[in-house]
Amino acid sequence: MHLLKTQLLPLIESAMEGLGLDPSLAEKMLQPAREPDQGDLSLPCFPFAKTLGIAPAAIAENIKEAVPNHPSIGEVTAVNGYLNILAEPSWLAEQLLGGALEDGAGSAKRSVLIEHTSANPNGPFHVGRARNAILGDTLVRLHRLWGNDVTAEYYVDDMGKQVAVLAWALEHLSGDEVERLLAGREPVNPLWAGKADHERVRWYQAAQLLRKNSEDAANIEAAITKLVHASEHGDTSVLTAFEEAYQPVLDGMLETLGRLGIHFDRFTKESLFVTNGDVGRLMESLGNLEINGSADNGAQYLDLGARGLKGKTEFFYRRGDGSSLYATRDIAYHIWKWQQSNELINVLGEDHKLQAQQVGLTLEELGHKRPEVMFYSFIKLPEGKMSTRRGNVVFMDDLLEEAKAQAAAVVTELRPEYDQETIANIAEAVGRSAVRFNIINVSPEKGFTFRWQDALNFESGSAPFIMYSHTRACSIRKNVQEVDSSLLNGSVDTSSIGDIPEGMVALLRTLAVHNDRLEKVVREHRPHLFAEYLLHLANAYNSFYRDCHIIENGSVNQLYFALSELARNVLKNGMEGLGIVPLETM
RNA sequence: GGGCGUGUAGCACAGCUGGAUAAUGCACCGGCCUCCUAAGCCGGAGAUCGCGGGUUCGAAUCCUGCCACGCCCGCCA
């Protein structure tokens with residue numbers, strides 16, 4: 001609790017100094033207590049035992065005696081060698097209602113470029129791809145909540161083999177041929193008929209079959225390879241054909257992402273760096289590096305073993321025919337990104353770890369910084385790995401539709417008086433929020449198994465749980481407005497706060513650590529910790545709601561109401577930070 | 001084979017820059033709607049923190065060996 005720590009630190013430091021301890025240790029050792037009932041801040045005194053030759057418990061006791069009274073301190077206790085400090089609740093209330101959270105929010109705005117999703121535009125968005133998008137977008141939102149200036153960017157792979165296959169298929173196969181080839185597979189869900197990502201992926205899949213099984217496979221492969229190479233040399237007619245093939249697919253994917261609340265500020269095409277000459281110039285400078293090497297056919301690589309890379313140390317950036325590779329273009333892209341922003345974050349699947357290492361080392365070799373990377377582990381289904389080929393896949397469109405349907409069923413049961421349109425609006429928001437929260441709630445590096453049951457959980461520990469607390473606060477606001485609308489903007493006198501109920505203390509203490517948590521989450525790229533925080537805050541609000549009746553016998557308790565409003569705001573902003581929709585009624 | 005990551009109650013998951021009784025949700029048991037939205041609240045039970053060593057006043061956390069799982073080790077993207 002930084003709010004308390006700034007008050008407390010000088011007091012603890014002088015107390016320690018008086019006892020013959022190094023006061024500079026306090027800054028680091030005064031830490032948040034682990035359990036709430038241990039206090040807000042805690043100082044373990046064990047390390048001091050050696051220097052003083054006194055038992056830790058006695059040291060804690062001595063420091064306790066030496067700490068003077070202060071308005072911020074509620075209670076100081078010495079327990080088992082720990083010095084525990086509890087903030088004074090009325091002081092917390094005064095600080096928080098006086099705007100301490102705004103004052104303490106990220107003052108130094110940074111410019112951050114976050115690249116995420118960047119999925120190949122060759123088919124519908126599925127749940128496996130969703131972890132990147134949801135993680136990335138949440139990071140974008142949380143950085144903005146902290147006050148940073150963020151650009152959310154999608155790197156469009158507009159020249160690889162996948163796009164080439166799609167373009168080839170659309171040019172050479174008729175709809176009938178495609179359906180004949182895919183006869184054994186599940187047809188397009190009628191709900192998504194006409195949505196280009198669902199439609200065109202059929203062409204892609206048919207082409208994949210032909211590449212493997214048809215008599216013509218060799219010719220087809222040659223044709224596709226020719227397209228790939230033409231694109232890599234910047235052939236504009238080929239690149240244009242590619243774009244006509246993938247753009248409608250990408251638009252379909254973006255429509256799905258939009259339904260999840262995910263939007264981008266900029267789309268940057270991979271081909272840009274080929275056509276503008278950046279890649280060519282890059283390969284030239286790489287060729288001049290000390291660690292450059294050449295293969296027999298003229299292909300070139302860097303020996304990154306000399307820079308500490310283990311395993312396979314040769315990093316090829318140029319083919320024998322002189323063309324570039326994906327990673328080469330990625331380096332050119334990063335050099336360009338460093339011109340746009342002074343802080344870069346990439347969201348990448350764990351399969352990209354080696355390449356990220358290669359790109360990072362190469363960037364450093366060229367005198368650039370390496371970007372920060374948030375890696376995540378893949379989502380699989382209970383049946384195993386997700387695979388479009390084997391039909392073992394869950395499309396995001398289907399998941400969102402199902403989530404909405406289930407949410408609508410819950411609303412219909414709980415609020416029979418709502419009309420159809422209201423129910424649909426609530427259900428859409430609840431569905432999207434639940435889906436996002438289910439994924440954001442677990443730490444990225446951990447494996448994730450998608451289960452319908454979890455994604456569609458609307459109870460404690462879910463997005464709807466948080467949403468529900470927020471609607472309570474909104475509902476209270478409406479009720480207060482009916483009692484006396486002048487109270488909505490009124491200030492509250494915090495100078496003489498009397499007894500504070502338990503539920504309110506918990507809420508105050510939770511609110512007080514908001515900025516600490518957000519700062520950490522943004523610094524360490526760990527959105528799931530903020531999800532955990534919001535859950536905790538919603539829970540605290542519910543307890544407050546139980547203990548502190550804001551409107552009783554027709555009169556409004558202004559202190560309670562002011563705190564409810566503060567919590568409502570923090571909840572609302574936090575929900576937006578996670579991409580959860582802050583509904584006012586549900 | 002090598003590199004990186006993960007392993008915590010029946011299930012899922014937090015804590016991992018060392019600190020106190022390992023947090024939370026689901027499921028399970030028991031209470032709470034004439035009272036601001038019960039998608040809620042309160043209480044209970046449930047954990048050899050993968051296994052073995054080591055460092056430390058103190059280890060889920062750091063080091064090391066082993067086991068299981070995931071990802072990577074293309075002149076693919």
Side-chain angles (χ1 to χ4, degrees), chain A residues 28-29 31 33-38 42 44-47 49-50 55-56 79-82 84 120 157 159-164 228 270 295 297-301 309-314 316-321 323-327 329-330 349-355 357 375 377-378 380 385 407 410-411 413-415 430 441-443 445-449 451 453-454 457-469 471-480 483 503 524 528-529 531-532 535-536 538-539 542-543 545-553 556 560-561 564 585-586:
Chain A
K28 200 179 171 193
M29 293 196 57
Q31 56 195 284
R34 200 169 150 164
E35 299 299 320
D37 59 355
Q38 290 161 356
S42 169
C45 298
F46 305 95
K50 244 177 200 168
V79 185
N80 301 332
Y82 290 85
N84 293 330
N120 275 317
D157 186 353
M159 54 181 293
K161 191 161 257 173
Q162 302 201 21
V163 177
V228 171
E270 189 179 341
N297 67 352
Q300 288 183 290
Y301 61 87
L309 189 69
K310 289 175 182 168
K312 195 199 163 181
T313 61
E314 291 166 343
F316 279 88
Y317 64 87
R318 183 177 209 155
R319 291 198 185 92
D321 71 358
S323 64
S324 63
L325 286 109
Y326 176 81
R329 288 168 236 138
D330 201 23
E350 60 180 341
D351 57 334
H352 278 65
K353 277 185 180 173
L354 174 61
Q355 192 200 296
Q357 188 81 337
F375 290 107
S377 175
F378 293 123
K380 61 173 190 195
K385 255 180 162 177
V410 172
V411 182
E413 195 191 326
L414 262 32
R415 317 271 181 259
V430 166
N441 195 27
V442 317
S443 70
E445 69 275 10
K446 207 155 264 187
F448 188 100
T449 303
R451 293 184 182 86
Q453 190 192 336
D454 295 341
N457 170 31
F458 300 152
E459 295 178 316
S460 296
S462 71
F465 169 81
I466 297 168
M467 297 168 78
Y468 189 71
S469 295
T471 61
R472 274 180 163 166
C474 291
S475 171
I476 284 169
R477 181 185 167 81
K478 272 184 214 122
N479 294 336
V480 167
V483 172
E524 299 178 2
H528 70 285
L529 296 181
E532 190 195 36
L535 234 28
H536 187 63
N539 204 282
N542 289 340
S543 300
Y545 173 86
R546 175 202 61 200
D547 285 358
C548 304
H549 283 232
I550 290 157
I551 305 170
E552 213 152 25
N553 303 323
V556 175
Y560 291 171
F561 179 54
S564 177
T585 55
M586 64 185 276

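Sequence lines set the chain letters: A, B, ... in the order given, protein chains first and strands last, and positions in each chain run from 1.
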Trainee: Check the distance between rG74(B)'s P and H352(A)'s NE2 and give it to me in whole angstrom.
Mentor: 15 Å
Trainee: Would you say R546(A) reaches rA38(B)'s phosphate, i.e. side-chain N/O to OP1/OP2 under 4.0 Å?
Mentor: no
Trainee: Just call it for T585(A): base, sugar-phosphate, or nothing, with non-hydrogen atoms closer than 4.0 Å on any strand.
Mentor: base
Trainee: Can you tell me whether the side chain of N84(A) and the base of rA20(B) have a donor-acceptor pair closer than 3.5 Å?
Mentor: yes
Trainee: Compare all side-chain heavy atoms of N479(A) with those of S475(A) and state whether any distance is below 4.5 angstrom.
Mentor: yes
Trainee: Nearest-Å distance, CG (N539(A)) to P (rG25(B))?
Mentor: 7 Å
Trainee: Please classify the nucleic acid contact of F458(A) as base, sugar-phosphate, or nothing, using heavy-atom distances under 4.0 Å.
Mentor: base
Trainee: Looking at rA39(B), does its base get a donor-acceptor pair with the side chain of S462(A) below 3.5 Å?
Mentor: no
Trainee: I need the CG-C1' distance between D454(A) and rC13(B), as an integer number of Å.
Mentor: 10 Å
Trainee: Watson-Crick or G-U wobble partner for rG52(B), using a 3.5 Å limit on both distances?
Mentor: rU64(B)
Trainee: Let's test your reading of the model: under 3.5 Å, does the base of rC75(B) pair with the side chain of N297(A) as donor and acceptor?
Mentor: yes
Trainee: Which part of the nucleic acid does R318(A) contact within heavy-atom distance under 4.0 Å: base, sugar-phosphate only, or nothing?
Mentor: nothing
Trainee: Is the ring of F378(A) stacked on the base of rC71(B), with centres less than 5.5 Å apart and planes under 30° off?
Mentor: no
Trainee: What's the closest nucleotide to the side chain of S460(A) if the choices are rC36(B), rC26(B), rG5(B)?
Mentor: rC26(B)
Trainee: Does rA38(B) have OP1 or OP2 sitting under 4.0 Å from an N or O in the side chain of Y545(A)?
Mentor: yes
Trainee: Reckon Y326(A) has a side-chain N or O less than 4.0 Å from the OP1 or OP2 of rA77(B)?
Mentor: no
Trainee: State whether F375(A) and K353(A) meet the cation-pi test: NZ (Lys) or CZ (Arg) under 6.0 Å from the six-membered ring centroid, and within 45° of the perpendicular axis.
Mentor: yes
Trainee: For rC4(B) and K312(A) - does any side-chain N or O of the residue sit under 4.0 Å from the phosphate oxygens OP1/OP2?
Mentor: no
Trainee: Rounded to the nearest Å, what distance is computed from the CG atom of residue L354(A) to the P atom of nucleotide rC75(B)?
Mentor: 11 Å
Trainee: What distance separates M586(A) CE from Y468(A) OH, expressed to the nearest 0.5 Å?
Mentor: 8.0 Å
Trainee: To the nearest 0.5 Å, what is the distance between CG on N457(A) and CZ on F465(A)?
Mentor: 11.0 Å
Trainee: When you check the phosphate oxygens OP1 and OP2 of rU37(B), does a side-chain N or O of N479(A) lie under 4.0 Å from one of them?
Mentor: yes
Trainee: Write down the partner of rC71(B) under the Watson-Crick or G-U wobble criteria, each distance required to be under 3.5 Å.
Mentor: rG3(B)
Trainee: Look through every strand shown and name the nucleotide pairing with rC26(B) as Watson-Crick or G-U wobble, where both distances are under 3.5 Å.
Mentor: rG10(B)
Trainee: What integer distance in Å separates I551(A):CD1 from rU37(B):C1'?
Mentor: 13 Å
Trainee: On a whole-Å scale, what distance lies between the P atoms belonging to rC66(B) and rG3(B)?
Mentor: 11 Å
Trainee: If you measure from the P atom in rA20(B) to the same atom in rC62(B), how many Å do you get, rounded?
Mentor: 15 Å
Trainee: Could you state the atom-to-atom distance from NE2 of H549(A) to C1' of rU37(B) in whole Å?
Mentor: 13 Å
Trainee: Is rC41(B) paired to anything, Watson-Crick or G-U wobble with both distances less than 3.5 Å, and if yes, which nucleotide?
Mentor: rG31(B)
Trainee: Tell whether E532(A) reaches the base of rA23(B) with its side chain through a donor-acceptor pair below 3.5 angstrom.
Mentor: no
Trainee: Please report, rounded to the nearest Å, how far the C1' atom of rU37(B) is from the CZ atom of R477(A).
Mentor: 17 Å
Trainee: Ignoring backbone atoms, establish whether K446(A) has a side-chain N or O less than 4.0 Å from OP1 or OP2 of rG70(B).
Mentor: no
Trainee: May I have the distance from E445(A) (atom CD) to rC72(B) (atom C1'), rounded to whole angstrom?
Mentor: 17 Å
Trainee: Once you apply the 3.5 Å cut-off to both distances, tell me the Watson-Crick or G-U wobble partner of rA20(B), or none.
Mentor: none
Trainee: For rC41(B), does either OP1 or OP2 sit under 4.0 Å from a side-chain N or O belonging to R472(A)?
Mentor: no
Trainee: For the atom pair CD1 (I466(A)) and CG (L535(A)), what is the distance rounded to the nearest 0.5 Å?
Mentor: 5.0 Å
